2 protein chains.
Amino acid sequence: MTRSPLRTETVLREAVAYADESGGVPSMRKIAERLGVEAMSLYHHFRNKDLILDGMVDHVFAEIEPPPPATEWRAALGHHAASMRDVLVRHPWAIGLMDSRGRPGPATLRRHDGVLGLLRANGFPVAGAAHAVSALDSYVYGFVLQELSLPFATAGELDEVASGILDAVGEEYPHLAELIAHRNAHSPAVEFGAGLDLVLDGLERWRA
Amino acid sequence: MTRSPLRTETVLREAVAYADESGGVPSMRKIAERLGVEAMSLYHHFRNKDLILDGMVDHVFAEIEPPPPATEWRAALGHHAASMRDVLVRHPWAIGLMDSRGRPGPATLRRHDGVLGLLRANGFPVAGAAHAVSALDSYVYGFVLQELSLPFATAGELDEVASGILDAVGEEYPHLAELIAHRNAHSPAVEFGAGLDLVLDGLERWRA
DNA sequence: GGCTGGGCCTTACGGTGTAAGTTTGTCAAG
DNA sequence: CTTGACAAACTTACACCGTAAGGCCCAGCC
C-alpha cells in the first residue's frame, strides 16, 4: 500500500485543528491517530514534541493579520492588535504554550519585524519602537490571558457565577460586590477596545 | 507511630516551594514524597489535583503587597503592580496555571477588592474602576508572560542569542536586526516601568 | 536481480493522575 | 479492658503520557 509521506506542514495543521476541537494540546498518539499513522512516526519529522509545539504556536501567529507596512500607525496597530486577540481567543491553548517555549518561529519573527517597521516608518526611534511593541504586546497577551480564565463563557453563566459569588462572600469583598451588582452588558470586545485606546494614546510619548 | 495530620496549608506551602525549586508544577507523587507521605493521601485533603493548583495560585497571590487602602492612587497602584511582577517572576510556574483555572481563591478576591477599593476612594466610578483594573492587570500579566518566555536569563546569554539571530536571519527581518544591533542595557525592570507609567497615566481618563 | 535508505511500525520503559479497596492509629462508649 | 467507629494513610491497579531502541517494508537505483 502506498503512503503519501507526512509533511511537517500537514502535521502542524492537523495538530492545531485537533487542539482547537478538543480544547487542549493533543498527545503524540492523538496527533498520529488523526493522521492515520503511529505515534513514533512523528519523530521522523520532529525531534521531539517541543518542536511540534513550537510549530503549532508559529502556525497560530501566521494567522494574525499583519499591519499594512506604511500607513498611519494608530489605526494600523489597532486593527493588528484586534486581529491578535481574535486569533489567540480562537486558539485558546496557544497562549498557555507561549511561556514555555523560547524559540520564536518565522511567522512570529515576521510579525515582530512588521510591527517594528510600521513604527519606524512613523517616526518612532529604535528605542521608542521597542517600548511600544513591549507595551502593546503585554496588553494584548495579558488581556487574552484574563479573558480565557474567566469562569464563564456565555452571559447566562456570568449571571450564575456572579450571584454565586455575591451570595457566598458579598460582604467580605464589598467593592467586588459593588462591581458585580453594577454589571452592565460587559462584552470583552468593548473592554478590550477601551484598554487598547489607552495604550495606543500613550504610545505617542515615544515618537520622535 | 504517631503522625501529625497534614494540613492543607502545609501541603500548599510545600507544593509551592517544590515548584519554585524545580521550575515546574510538581506531580502528586513528588508533593507527597516531600511531605513524607504517599501520593494518594493527598486526596483526603484535596478532591483532585486541580484544587491543589488552585490553592497554589492563591498562595502566590497572597504574597502580593496590597495597595494601602486610602492613599494617593497613582503611587499606590504603581508599587502594587511592581510587587505583582516581582511575585509572578519569583514563581514563574504560576502565570501558566492562571488560564486553566476558573475559580479564584480568597487571596485573589481580596486583592481584587483592595484595588477596586483604592480606585473607588480616589474618584473612579464603578465602571471606570473596572476598566482600570482590567487594563492594569492585562499589562502586568502580559509583561510577565513575555519576560518569562525570553530565551535567555543573563545579559551574556542575551548577547549570544542576539548575535545568533542576527547572523542567521538578519537580512530577512531588517527592523528586528536593527533593534538587536541598537540594544543597550535592556533591563526588564526599566522596560516594565516605562509601560507601567503609560498605563497609569492613561487611567486618569476614567476618573470622575 | 540485489542494495540502499527513508518512512513507518513494534515494543518497551518510566512517568503521570486517580479510582477502588485495605490497613493503621486514635478515641469514646459499653 | 474491650469494642466499635471513624479518619488518615497506604496499596494496588489502570489508562494514559513522551520517547529510546530496533525491525520491517517497499520505492528507487545500480
Side-chain angles (χ1 to χ4, degrees), chain A residues 1-59 92-94 96-103, chain B residues 1-59 92-94 96-103:
Chain A
M1 162 184 170
T2 312
R3 305 188 159 282
S4 66
L6 295 179
R7 290 183 310 100
T8 75
E9 168 59 25
T10 312
V11 173
L12 292 180
R13 184 171 14 90
E14 293 305 311
V16 167
Y18 197 106
D20 290 342
E21 292 163 20
S22 76
V25 176
S27 70
M28 296 297 273
R29 288 169 171 81
K30 289 283 165 52
I31 300 174
E33 183 185 4
R34 186 172 178 120
L35 294 162
V37 137
E38 295 298 313
M40 289 310 291
S41 306
L42 297 172
Y43 285 87
H44 280 267
H45 305 268
F46 300 88
R47 193 152 24 77
N48 55 41
K49 186 172 185 178
D50 265 359
L51 293 182
I52 295 190
L53 299 183
D54 285 347
M56 289 172 72
V57 169
D58 205 52
H59 207 273
W93 45 269
L97 248 39
M98 279 196 31
D99 71 330
S100 50
R101 61 226 41 271
R103 197 121 40 265
Chain B
M1 162 184 172
T2 311
R3 306 188 160 283
S4 67
L6 294 178
R7 290 183 310 101
T8 75
E9 169 58 25
T10 312
V11 174
L12 292 181
R13 184 170 16 87
E14 292 305 312
V16 166
Y18 197 106
D20 290 343
E21 291 163 21
S22 76
V25 176
S27 71
M28 296 298 274
R29 287 169 173 82
K30 289 282 164 50
I31 299 174
E33 183 185 3
R34 185 172 181 120
L35 293 162
V37 136
E38 295 298 314
M40 290 309 292
S41 306
L42 297 171
Y43 286 88
H44 281 270
H45 303 270
F46 300 89
R47 193 152 23 76
N48 55 41
K49 184 170 186 179
D50 265 359
L51 293 183
I52 295 191
L53 299 183
D54 285 347
M56 291 173 71
V57 169
D58 204 52
H59 206 272
W93 44 268
L97 248 40
M98 278 195 34
D99 72 330
S100 52
R101 60 227 44 269
R103 197 122 39 264

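Each chain gets a letter, A, B and so on, in the order the sequences are listed, and its residues count up from 1. Given the structure is predicted, the values throughout are model-derived calculations rather than measurements.
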Can you tell me how far [atom2] of [N] sits from [atom1] of [X], to the nearest Å?
{"X": "B:Glu33", "N": "D:dC10", "atom1": "CD", "atom2": "P", "value": "13 Å"}
{"X": "B:Phe46", "N": "C:dG17", "atom1": "CZ", "atom2": "C1'", "value": "16 Å"}
{"X": "B:Tyr43", "N": "C:dA20", "atom1": "OH", "atom2": "C1'", "value": "13 Å"}
{"X": "B:Ile52", "N": "C:dG17", "atom1": "CD1", "atom2": "C1'", "value": "11 Å"}
{"X": "B:Met28", "N": "D:dT12", "atom1": "CE", "atom2": "P", "value": "19 Å"}
{"X": "B:Leu42", "N": "C:dA19", "atom1": "CG", "atom2": "P", "value": "14 Å"}
{"X": "B:His44", "N": "D:dA7", "atom1": "NE2", "atom2": "P", "value": "10 Å"}
{"X": "B:Arg29", "N": "C:dT16", "atom1": "CZ", "atom2": "P", "value": "6 Å"}

Side chain of [X] - closest among [options]:
{"X": "A:Glu38", "options": "D:dG18, D:dC10, C:dT10", "result": "C:dT10"}
{"X": "B:Ser41", "options": "D:dC10, D:dT19, C:dC9", "result": "D:dC10"}
{"X": "A:Ser27", "options": "C:dT18, D:dA9, D:dC17", "result": "D:dC17"}
{"X": "A:His45", "options": "C:dT16, D:dG18, C:dC8", "result": "C:dC8"}

Task: Any A:Met28 side-chain heavy atom under 4.5 Å of A:Ile52 side chain - done: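 Side chain of A:Met28 against side chain of A:Ile52, heavy atoms only: contact under 4.5 Å found.
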Open item on the list: Any non-hydrogen side-chain atom of A:Arg34 less than 4.5 Å from a side-chain atom of A:Ile31?
Closed with: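 They are not in side-chain contact.
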TODO: Flag the pair B:Lys30 and B:Glu14 as a salt bridge only when some basic side-chain nitrogen lies within less than 4.0 angstrom of an acidic carboxylate oxygen.
DONE: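 B:Glu14 and B:Lys30: not salt-bridged.
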Open item on the list: Keeping B:Asp50 on the side-chain end and B:Leu53 on the backbone end, is there a donor-acceptor pair under 3.5 Å?
Closed with: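 No, the answer is negative, given that no donor and acceptor are paired below the 3.5 Å cut-off.
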Open item on the list: Please compare A:Asn48 and B:Met40 by the position of their nearest nucleotide in DNA chain D and report the one closer to 5'.
Closed with: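 Residue closer to the 5' terminus by nearest nucleotide: B:Met40.
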